[in-house]
Undergrad: 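The structure follows.
These numbers were taken from a predicted model, which means no experiment stands behind them. Chain A is the first sequence line, chain B the second, and so forth, proteins listed ahead of strands; every chain is numbered from 1.
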Amino acid sequence: MTSTTDPVRTLEAALDGTLDERGRRWLEQAIGRVAERGQAVLEVFPAAGRSCGRGPLPGMPGWTVDQAARARLLLALPQEGAPLGELLFDVYRYGDAAERIAVLKALAVLDGADPAEGGADLAEGGRAPGGRLGGHGLPIVRDALRTNDTRLIEAAVGPYAAGHLADDEFRQAVLKCVFVGVPLSAVAGLDRRADRELARMLADYARERTVAGRDVPQDVWPVVERHPEVMQDRGRQDVHRPERIG
Amino acid sequence: MRIFDPHIHMSSRTTDDYERMYEAGVRAVVEPAFWLGQPRTSPDTFADYFDSLLGWEPYRASQFGIRHHCTIALNPKEANDPRCRGVLDLLPRYLAKDGVVAVGEVGYDSMTPEEDEVFAAQLALAIEADLPAMVHTPHRDKATGTRRSLDVVRESGLASERVLIDHLNELTVAMVKEAGCWMGFSVYPDTKMDEDRMVTILKEYGTERVLVNSAADWGRSDPLKTRKVGEAMLKAGFTAEDVDTVLWDNPVAFYGQSGRLDLAEADPAEFYAGNTIKRGG
Ligand SMILES: [Zn+2]
């Protein structure tokens with residue numbers, strides 16, 4: 001399944017209904033500067049929150065106004081492919097937490113996903129026709145997954161990661177979420193990409209926690225139970241999903 | 001007692017400190033970019049440091065109920081190392097960040113020509129970025145350094161009410177007050193300034209435009225010194241409002257001039273009960 005809408009139009013429609021005159025003027029000018037000279041994005045990107053607002057964006061659940069404005073700025077970049085990936089990495093690298101989260105969220109959009117659909121097409125393995133980033137945003141995802149900041153990790157496991165991370169990296173990303181407490185509901189494409197090896201890793205993790213007398217996060221069980229055989233393997237028989245209380 | 005520590009280097013403190021600070025009433029801090037003890041040798045390590053002041057540290061602080069902002073600059077000590085000069089080129093992109101509420105710590109360490117140049121260049125950047133400036137005064141030859149700092153500020157064209165001159169003592173406070181800048185005092189365990197001397201200064205010069213900080217860092221220092229000054233003030237007959245002026249309203253007013261101070265979560269409702277709410281912004 002591929003997206004039939006244009007991410008630029010989706011973002012603009014959502015932003016149009018929300019920005020005041022000052023915000024609209026700022027964004028228009030900033031888009032112009034970025035379109036003319038990609039490097040200018042480093043100077044305008046930080047001010048998007050102050051200029052456009054930071055509240056939730058009506059019509060695009062999970063997005064804030066500044067995130068959408070920043071995604072719109074990135075869509076104005078003239079680069080594509082590897083040079084686009086390199087410039088995005090710079091924006092991310094010099095960004096504060098809000099900027100980094102915005103870059104991470106925008107990766108799917110730059111890959112052609114429709115932000116209004118939450119990037120579902122990409123997460124489910126589709127390829128959007130308008131994508132011009134390909135796998136060149138992966139260094140950003142990998143960097144975020146190495147941090148201990150749950151906000152960055154949560155933003156990193158979006159549809160772009162689901163669409164591009166190799167199997168082993170995807171499994172490690174899921175495990176990291178479990179370790180730092182990012183709910184697995186935040187992991188895009190988990191249903192499609194959860195394989196037997198991931199189930200084994202989570203079952204082992206559950207066993208370790210049980211042996212240590214600690215709780216096992218409830219959201220690992222649906223993944224584990226899709227491959228019940230991993231529970232029967234030697235050494236894991238003592239791990240059971242606890243009976244639900246209430 | 002609600003406390004805003006306007007100068008504290010949290011990167012070098014532990015989570016125990018954050019817990020004790022919250023218990024003591026600290027709800028907001030500003031961490032100025034400064035020296036790390038071990039000299040740095042390239043602009044890249046400054047970029048990493050600035051990133052942690054804007055990313056990791058505010059995140060860590062928020063987990064303990066404390067709002068964290070920072071000031072960004074090339075400090076006077078490292079301004080003398082030509083390998084670090086490239087930091088000036090990085091500053092415009094960092095001064096644009098939401099969490100940055102001033103340019104600082106700028107000023108003098110040994111009063112070299114290099115320090116002159118970097119100090120003046122950064123005050124110009126403050127004007128460009130529409131930010132106030134936070135000026136460190138030297139530990140050696142402090143009175144001369146403070147006077148010279150005030151001259152540089154005057155020449156820069158940055159309005160005096162947008163400048164905080166820090167680490168003051170009995171010998172330097174009067175000239176700063178007269179110049180119309182904000183007066184910062186770092187209260188340390190055994191050197192520079194203690195809470196009783198601080199109270200004496202407050203009695204003589206009043207609470208207007210006075211900020212008190214712990215300047216706690218990786219050296220011997222105490223992140224609860226702000227609270228101890230508040231208690232010493234009450235014991236000496238100052239009112240709770242006076243304490244609030246020095247430990248909350250003044251830092252909010254000074255850094256609020258940046259337009260970027262965000263105290264939403266740092267201002268829990270219990271502090272509002274029966275109080276007027278003053279906010280910068
Ligand atoms: Zn300091």
Side-chain angles (χ1 to χ4, degrees), chain A residues 22-23 26 29-30 33-34 37-56 64-67 69-70 73 87-104 140 143-156 180-182, chain B residues 11 15 30-31 33 42-64 67-72 86-103 125 128-131 255-265 280-281:
Chain A
R22 191 180 137 269
W26 180 87
Q29 249 169 23
R33 285 183 63 186
V34 170
R37 191 176 67 89
Q39 291 287 330
V41 72
L42 289 164
E43 291 145 39
V44 294
F45 208 68
R50 301 196 293 280
S51 307
C52 298
R54 301 183 180 88
T64 58
V65 176
D66 52 326
Q67 287 166 356
R70 286 179 168 137
L73 287 175
L87 183 51
L88 289 175
F89 192 85
D90 263 8
V91 176
Y92 170 86
R93 186 257 164 281
Y94 290 108
D96 62 21
E99 292 173 70
R100 289 184 179 200
I101 291 166
V103 174
L104 288 162
I140 297 170
D143 183 273
L145 289 172
R146 279 193 298 270
T147 70
N148 269 348
D149 188 329
T150 52
R151 300 164 303 175
L152 295 182
I153 294 167
E154 186 167 339
V180 299
V182 168
Chain B
S11 305
T15 49
V30 166
E31 174 156 8
S42 88
D44 285 347
T45 61
F46 278 85
D48 293 334
Y49 172 61
F50 295 157
D51 290 338
S52 77
L53 295 184
L54 287 158
W56 179 241
E57 207 50 48
Y59 176 64
R60 216 162 69 98
S62 71
Q63 292 173 331
F64 297 90
R67 288 290 303 170
H68 181 289
H69 296 82
C70 69
T71 75
I72 293 284
V87 172
L88 292 182
D89 302 328
L90 287 175
L91 288 179
R93 74 179 60 160
Y94 278 105
L95 295 179
K97 305 296 183 199
D98 288 333
V100 178
V101 291
V103 174
L125 286 176
E128 224 167 280
D130 202 18
L131 285 172
Y255 288 119
Q257 296 180 90
S258 67
R260 304 188 201 167
L261 210 51
D262 172 12
L263 297 173
E265 290 151 47

Undergrad: Below 4.5 Å from any heavy atom of chain A, which atoms of B:Leu90 appear? Answer side chain, backbone, both or neither.
TA: side chain

Undergrad: Which atoms form the tightest heavy-atom contact between A:Pro46 and B:Ala96, and what is the distance?
TA: CB-O, 3.5 Å

Undergrad: For chain B and chain A, give me every donor-acceptor pair shorter than 3.5 Å, distances to one decimal.
TA:
unit_1, atom_1, unit_2, atom_2, d
B:Asp48, OD1, A:Arg93, NH2, 2.9
B:Asp51, OD2, A:Arg93, NH1, 2.4
B:Tyr59, OH, A:Thr150, N, 3.2
B:Tyr59, OH, A:Thr150, OG1, 2.9
B:Ala96, O, A:Arg50, NH1, 2.8
B:Ala96, O, A:Arg50, NH2, 2.9
B:Lys97, NZ, A:Tyr94, O, 2.6
B:Lys97, NZ, A:Glu99, OE1, 3.1
B:Lys97, NZ, A:Glu99, OE2, 2.9
B:Asp98, OD1, A:Arg50, NH1, 2.9
B:Asp98, OD1, A:Arg54, NH2, 3.2
B:Asp98, OD2, A:Arg54, NH2, 3.2

